[in-house]
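So the structure is just underneath, and the comments pick up after that.
Just so you know, ligand 1 is whichever comes first in the structure, and atom 1 is the first atom listed for that ligand. Computed from a prediction, not measured in an experiment: that's the story for all the values here.
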Amino acid sequence: MAQQWVEGRIVERIDWTDRLHSLRIEAQIEPFRAGQFTKLGLAIDGEIVGRPYSIVNAPDDPILEFYFSTVNEGPLSPRLSALKKGEIIQVAPKPNGFLVLDEVPPAIHLWLIATGTGLGPFLSILKTAEPWQRFQRVVLVHAARTVAELTYRRAIARIAAAEPKRFAYIPFLSRETADYALAGRIPQAIVDGRLEARAALRFDPAQCHVMLCGNPSMVDDASAALAARGLRKHKRKEPGQVSMETYW
Ligand SMILES: Cc1cc2nc3c(=O)[nH]c(=O)nc-3n(C[C@H](O)[C@H](O)[C@H](O)COP(=O)(O)OP(=O)(O)OC[C@H]3O[C@@H](n4cnc5c(N)ncnc54)[C@H](O)[C@@H]3O)c2cc1C
Ligand SMILES: NC(=O)c1ccc[n+]([C@@H]2O[C@H](COP(=O)([O-])OP(=O)(O)OC[C@H]3O[C@@H](n4cnc5c(N)ncnc54)[C@H](OP(=O)(O)O)[C@@H]3O)[C@@H](O)[C@H]2O)c1
């Protein structure tokens, strides 16, 4: 039987807020594609409890990075958020997942749309050369409740500095306001045209592909709003313009 877990060592822990953290982990896992996830696990009552987590680093970066939220009532995430540098964690050696550019059909514009920790896989994709080889414009949309939860701003600023004409970052805030962020939720801003206006780009089915990640009801509601614009769910056998991954 294939090995289920390998040992990883925490080399860095980033505390963005009380409940949002990143862990950087040294572990020997199989090669992955940007956008994929693997499982992290910890022994709880004598058994390893594992959950999937998207990989944030680029595939050629030897240190794995994961970005997660502490769900107080959950079994694993509060324990992940208590881990310290030097401690050991179990990592599944075989990454998985289809939220990858290999699965995206040809398009001119790429939209990467995330709520909360759904940002992670898009950061990995944006650190690779492929989006810049394949798309004329790339728009990253990140929705969070508060300014403090709009994380990874420095990494995003580096991408913007490298691709100033082709990359746009559009943050959303739902429970605070800031002049640089759109207010409210993503699906409504697709319906009322505010997101397209901010990006100066249309959701044109002949030109764009949209990747959605994070909160399942955002993914459902955004898919419905995009369907009203003629964008369909992408399937290998029936190509469309919307790919998605939900976290619960
Ligand atoms: C393919 C995939 C990739 C994932 N990648 C990530 C990731 O990169 N980062 C991450 O934080 N989580 C990610 N998740 C969710 C993660 O696997 C766990 O479910 C989460 O960390 C909570 O674990 P838990 O054991 O504490 O509670 P669980 O028993 O797993 O979940 C309890 C409840 O917490 C809520 N919840 C779960 N995940 C989140 C979340 N991310 N943000 C807010 N509320 C949540 C849901 O209501 C869920 O029913 C991913 C899930 C899937 C399916
Ligand atoms: N953020 C916190 O301070 C906090 C604290 C303690 C516990 N939690 C718990 O953690 C869990 C996740 O919180 P989170 O803030 O990381 O993730 P989240 O609830 O998915 O919220 C992230 C962003 O997505 C938006 N969103 C939620 N549902 C949506 C939908 N159907 N369509 C479009 N956008 C949607 C939120 O807007 P809205 O604000 O409008 O929902 C917010 O801007 C929740 O169960 C929450 O109770 C959060």
Side-chain angles (χ1 to χ4, degrees), residues 14-25 32-45 47-57 64-83 89-92 94-100 103 113-125 141-152 170-178 181-192 194-195 210-226 243-248:
I14 302 160
D15 298 318
W16 302 100
T17 67
D18 286 353
R19 58 175 215 101
L20 286 174
H21 312 276
S22 296
L23 288 175
R24 288 171 53 78
I25 299 173
F32 68 93
R33 288 177 285 156
Q36 289 193 305
F37 60 87
T38 191
K39 278 187 175 182
L40 297 178
L42 289 171
I44 302 176
D45 298 331
E47 267 181 34
I48 294 182
V49 174
R51 293 280 187 269
Y53 291 93
S54 298
I55 304 172
V56 176
N57 54 292
L64 295 172
E65 182 163 332
F66 300 92
Y67 171 48
F68 64 96
S69 156
T70 313
V71 178
N72 287 335
E73 62 282 11
L76 187 67
S77 59
R79 287 173 169 89
L80 288 183
S81 29
L83 288 172
I89 182 167
Q90 304 303 312
V91 184
K94 202 171 165 33
N96 269 299
F98 297 101
L99 195 73
V100 296
E103 298 287 337
I113 299 185
T115 51
T117 51
L119 176 67
F122 296 148
L123 293 174
S124 181
I125 288 172
V141 178
H142 185 208
R145 295 178 177 196
T146 63
V147 169
E149 293 182 354
L150 286 175
T151 50
Y152 282 102
I170 303 183
F172 270 77
L173 287 172
S174 54
R175 305 197 187 189
E176 285 180 1
T177 55
L182 291 179
R185 288 179 163 191
I186 293 164
Q188 184 56 42
I190 296 173
V191 171
D192 64 25
R194 282 187 302 139
L195 184 49
V210 182
M211 300 174 94
L212 302 170
C213 188
N215 184 311
S217 46
M218 178 282 285
V219 170
D220 283 350
D221 296 351
S223 301
L226 293 168
S243 310
M244 54 193 75
E245 186 164 85
T246 55
Y247 275 4
W248 65 93

Practice task
Report yes or no: does a heavy atom of P75 sit under 4.0 Å from some atom of ligand 1?
Solution key: yes
Completion exercise
Output for pair (R175 CZ, E149 CD), nearest 0.5 Å, gives 9.0 Å
Practice task
Return the residue, atom name and 0.1 Å-rounded distance of the protein heavy atom closest to atom 8 (O) of ligand 1.
Solution key: S54 N, 3.0 Å
Handout entry: Polar contact flag for T117 and ligand 1 (N/O pairs, less than 3.5 Å)
Key = yes
Practice task
Examine ligand 2 and decide if any of its atoms is less than 4.0 Å from a heavy atom belonging to V71.
Solution key: no
Practice task
Would you mind reporting whether F172 and T115 have side-chain heavy atoms less than 4.5 Å apart?
Solution key: no
Handout entry: Beyond-backbone contact of F32 with N96, side-chain heavy atoms, under 4.5 angstrom
Key = no
Below 3.5 Å, can you tabulate the donor-acceptor pairs from side chains in residues 67-75 to any protein atom, sequence neighbours excluded?
unit_1	atom_1	unit_2	atom_2	d
Y67	OH	T151	OG1	2.7
S69	OG	R19	NH1	3.0
T70	OG1	R19	O	3.3
T70	OG1	S81	OG	3.2

Fill in the blank from the handout: Nearest non-hydrogen contact to atom 19 (O) of ligand 1 from the set H21, R51, R79, Q36 belongs to R51
Practice task
Take the angle between the ring planes of W16 and Y152 and call it parallel below 30°, perpendicular above 60°, tilted in between.
Solution key: tilted
Problem - Any N/O pair A144/ligand 2 closer than 3.5 Å - result: yes
Completion exercise
protein heavy-atom neighbour closest to atom 27 (O) of ligand 1 works out as G74 CA, 3.3 Å
Exercise for the section: Using distance alone, determine whether P78 and ligand 1 share an N or O pair under 3.5 Å. Expected result: no
Exercise for the section: Any chance you could lay out the side-chain contact (heavy atoms from CB on, under 4.5 Å) test for I89 and F66, step after step, and finish with the verdict? Expected result: CA-CA 12 Å; I89 182 167; F66 300 92; over 6 Å; no
Handout entry: Close side-chain approach of F37 to E245, heavy-atom, < 4.5 Å
Key = yes
Problem - Heteroatom distance test (N215, ligand 2): nitrogen or oxygen, under 3.5 angstrom - result: yes
Exercise for the section: Tell me which protein heavy atom sits closest to atom 43 (C) of ligand 1, plus the residue, atom name and distance to 0.1 Å. Expected result: W248 CZ3, 3.5 Å
Problem - Atom indices of ligand 2, in the order listed, that fall short of 4.0 Å to a heavy atom of P187 - result: 32 (N), 33 (C)
Handout entry: Min N/O separation E149 to ligand 2 under 3.5 Å
Key = yes
Exercise for the section: Run down the list Y247, F37, F98, Y53 and name the one with the heavy atom closest to atom 18 (C) of ligand 1. Expected result: Y53
Handout entry: Part of F68 within contact of ligand 1 (heavy atoms, under 4.0 Å)
Key = both
Exercise for the section: For D15, enumerate each residue passing the side-chain contact (heavy atoms from CB on, under 4.5 Å) test, keeping only those at least two apart in sequence or located in another chain. Expected result: R13, H21
Exercise for the section: Run down the list H142, R19, R185 and name the one with the heavy atom closest to atom 16 (O) of ligand 2. Expected result: R19
Handout entry: Nitrogen or oxygen atoms of S217 and ligand 2 under 3.5 Å apart
Key = yes
Problem - Sub-4.0 Å heavy-atom approach of F66 to ligand 1 - result: no
Practice task
Could you tell me whether ligand 1 has any atom less than 4.0 Å away from a heavy atom of T246?
Solution key: yes
Practice task
Provide, to 0.1 Å, the distance between atom 25 (C) of ligand 2 and the closest protein heavy atom, together with that atom's residue and name.
Solution key: T115 CG2, 4.1 Å
Exercise for the section: Evaluate the 4.0 Å heavy atom contact test for atom 45 (O) of ligand 2: does a protein atom fall under the cut-off? Expected result: no
Handout entry: From CA spacing to verdict: side-chain contact (heavy atoms from CB on, under 4.5 Å), C213, L99
Key = CA-CA 9 Å; C213 188; L99 195 73; 4.0 Å; yes
Handout entry: Proximity winner for atom 39 (O) of ligand 2, if only heavy atoms of R175, R145, M218, Q188 are counted
Key = R175
Practice task
Distance to 0.1 Å, residue and atom name: give those for the protein heavy atom nearest to atom 14 (N) of ligand 1.
Solution key: P52 O, 3.3 Å
Handout entry: Straight-line distance of R51 CZ to L42 CG, nearest 0.5 Å
Key = 11.0 Å
Handout entry: Option with minimal heavy-atom separation from atom 33 (C) of ligand 1, where the choices are V71, V56, I55, N215
Key = V71
Fill in the blank from the handout: CG of L123 to CD1 of I55, rounded to nearest 0.5 Å, is 13.0 Å
Handout entry: Sub-4.0 Å atoms of ligand 2 with respect to non-hydrogen atoms of D221
Key = 31 (N)
Practice task
Can you sort out which atoms of ligand 2 are near S174, meaning under 4.0 Å from one of its heavy atoms?
Solution key: 36 (C), 37 (O), 38 (P), 39 (O), 40 (O), 42 (C), 43 (O)
Handout entry: Smallest separation among heavy atoms of L173 and L150, with atom names
Key = CD2-CD1, 3.7 Å
Problem - Validation row: T146, T17 side chains within 4.5 angstrom (heavy atoms) - result: no
Practice task
Given side chain to side chain donor-acceptor pair (under 3.5 Å), test S54 with Y247 step by step and report yes or no.
Solution key: CA-CA 9 Å; S54 298; Y247 275 4; 2.7 Å; yes
